Student: 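Questions regarding the structure given below will be posed in turn.
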2 protein chains.
Amino acid sequence: MSDNIKIRYEARAAVLKALGHPSRLFIVDELAKGERCVNELAALVGADMSTISKHLSILKSAGLVNDEKRGNSIFYRLAIPCIVNFFSCVESVVKAKAQAGLDSL
Amino acid sequence: MSDNIKIRYEARAAVLKALGHPSRLFIVDELAKGERCVNELAALVGADMSTISKHLSILKSAGLVNDEKRGNSIFYRLAIPCIVNFFSCVESVVKAKAQAGLDSL
DNA sequence: TTGCTATTTGTCAATATAGCCAAATAGCAA
DNA sequence: TTGCTATTTGGCTATATTGACAAATAGCAA
C-alpha cells in the first residue's frame, strides 16, 4: 500500500472507527431524529456526562457531528445524514451472522 | 439504554469496529473487486501474512467476509456487498472534514 | 516419507481506548 | 457578587488492539 493510499484509508477508517462503539452508534441514531444536548444524551445512554462528552468529541473529530452552543447548553447534530443510510446494511450483516449461527446448530 | 437495545447496538458497533482499521478497509475494498487469498492480500497491503490473517479473522467474526479453501490457499470474499455502498458516504465525511479544515485557515 | 507453500495460532510488548471521579470553565439567574 | 446548571478536561486504572516473530497445522508434490 503506497503512502498516499494508506493516508486515504486511514482517514476513512477513522470515520468508521468513530462509529464502532455502541454508545456512539446510539448517539448517532438519536441525532438522526434531531439535535440533542449532552445532558439529554447522557440520560438516554445512561452514562456519566463526561463519558458522553468524550464520545461526542470523538464523533466531532471524525467529522460526523456538529455542535452549537445556545444558552448554557451545547446542541449536537449530525453533520452528514447519509451515515444513517448505512445502518440497514450493517443490520443485514448482523442478521446474516445471527442466521449463520443458527444454521450451525 | 435498556439491555436489549444495548445488545443490539453492540452487535452493530462490532461490524463498524471491524471496518475501523485502514488495512481492513483496504481489504474490503479489494474483495469488492473479487475474491483474494491471504497471500495476495498480504502483498497488496504490505504486511506480514500473520497480521493479515488476523485482520481477516476479525472481518470474518463480524460477518463481513466468507472464506473457502481451495488447494492449499484460502480465498476470501465479501459476505454482504452493500458494505461498499457506504464508502461514498464515508468519503463525503472525510471531504467535508478536510474542507472544514481549510475554512479555518 | 520429505519438502514446500499457505495459513493460522500463541506470545509478547507497545500503544490505544473506555469510563469514572474530580476539577476547571462558562453562562444564566438571583 | 454568589450560586446553579451544563459541559469539558485532566488524571487514573483497567482493558483491548496492533503487529511482529516463531511455532503449529494442512495440503500438495516429488
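Letters A, B, ... mirror the listed sequences (proteins, then strands); counts begin at 1. Computed from a predicted structure; not experimentally measured.
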Student: Please tell me if A:T51 has a side-chain N or O lying less than 4.0 Å from either OP1 or OP2 of C:dA18.
Tutor: no
Student: Rounded to whole Å, please give me the gap between NE2 in B:H55 and P in C:dT8.
Tutor: 13 Å
Student: What's the shortest heavy-atom distance between B:A62 and A:V93, and which atoms?
Tutor: O-CG1, 3.3 Å
Student: Atom CZ of B:R70 to atom C1' of C:dT5: distance rounded to whole Å?
Tutor: 17 Å
Student: Tell which nucleotide pairs with D:dG27, taking only Watson-Crick or G-U wobble pairs whose two distances are both under 3.5 angstrom.
Tutor: C:dC4
Student: Please state how far atom CD1 in B:I58 lies from atom P in C:dT7, giving the value in whole angstrom units.
Tutor: 18 Å
Student: Under 3.5 Å, is there a donor-acceptor pair between the A:S2 and A:N4 side chains?
Tutor: no
Student: Below 4.0 angstrom from OP1 or OP2 of C:dT17, is there any side-chain N or O of A:K17?
Tutor: yes
Student: Could you tell me the separation between the NZ atom of A:K69 and the P atom of C:dG27, rounded to a whole number of Å?
Tutor: 5 Å
Student: Between D:dC4 atom P and A:N39 atom CG, what is the distance in whole Å?
Tutor: 17 Å
Student: Tell me which nucleotide among D:dT5, D:dT7, D:dA20 gets nearest to the side chain of A:C37.
Tutor: D:dT7
Student: What I'd like to find out is whether the side chain of A:E68 reaches to under 4.5 Å of the side chain of A:R77, using heavy atoms alone.
Tutor: yes
Student: Under 4.0 Å between any heavy atoms, over every strand shown, what does A:K60 touch: base, sugar-phosphate, or nothing? Just pick one.
Tutor: nothing
Student: With a non-hydrogen cut-off below 4.0 angstrom, is B:S73 in contact with a base, only sugar-phosphate, or nothing?
Tutor: sugar-phosphate
Student: Considering every strand shown, what is the Watson-Crick or G-U wobble mate of D:dT13 when both distances are under 3.5 Å?
Tutor: C:dA18
Student: Identify, between B:S50 and A:G46, the residue whose nearest nucleotide on DNA chain C lies closer to the 5' end.
Tutor: B:S50
Student: CG of A:D3: more than 12 outside heavy atoms within 6.0 angstrom?
Tutor: no
Student: What's the closest nucleotide to the side chain of B:V38 if the choices are D:dT18, D:dA6, C:dT8?
Tutor: C:dT8
Student: Give the rounded distance in Å between these two atoms: CG of A:D48 and C1' of D:dA6.
Tutor: 13 Å
Student: Find the distance B:D67:CG to C:dA6:P and express it as a whole number of Å.
Tutor: 17 Å
Student: Hey, any chance A:V94 and A:F87 share a hydrophobic cluster, counting ILVMFWY side chains that come within less than 4.5 Å of each other, even indirectly?
Tutor: yes
Student: Would you kindly compare A:I74 and A:K54 by the position of their nearest DNA chain D nucleotide and give the one closer to the 5′ end?
Tutor: A:I74
Student: Who does C:dT11 pair with, Watson-Crick or G-U, both distances under 3.5 Å?
Tutor: D:dA20
Student: OP1 or OP2 of C:dT8 versus the side-chain N and O atoms of B:S53: is any pair under 4.0 Å?
Tutor: yes
Student: To the nearest Å, how far apart are A:E10 CD and D:dT17 P?
Tutor: 19 Å
Student: Categorize B:Y76 for me: base, sugar-phosphate, or nothing, with a 4.0 angstrom heavy-atom threshold over every strand shown.
Tutor: sugar-phosphate
Student: Any link between A:M1 and A:L16 through a network of hydrophobic side chains (Ile, Leu, Val, Met, Phe, Trp, Tyr) touching at under 4.5 Å?
Tutor: yes
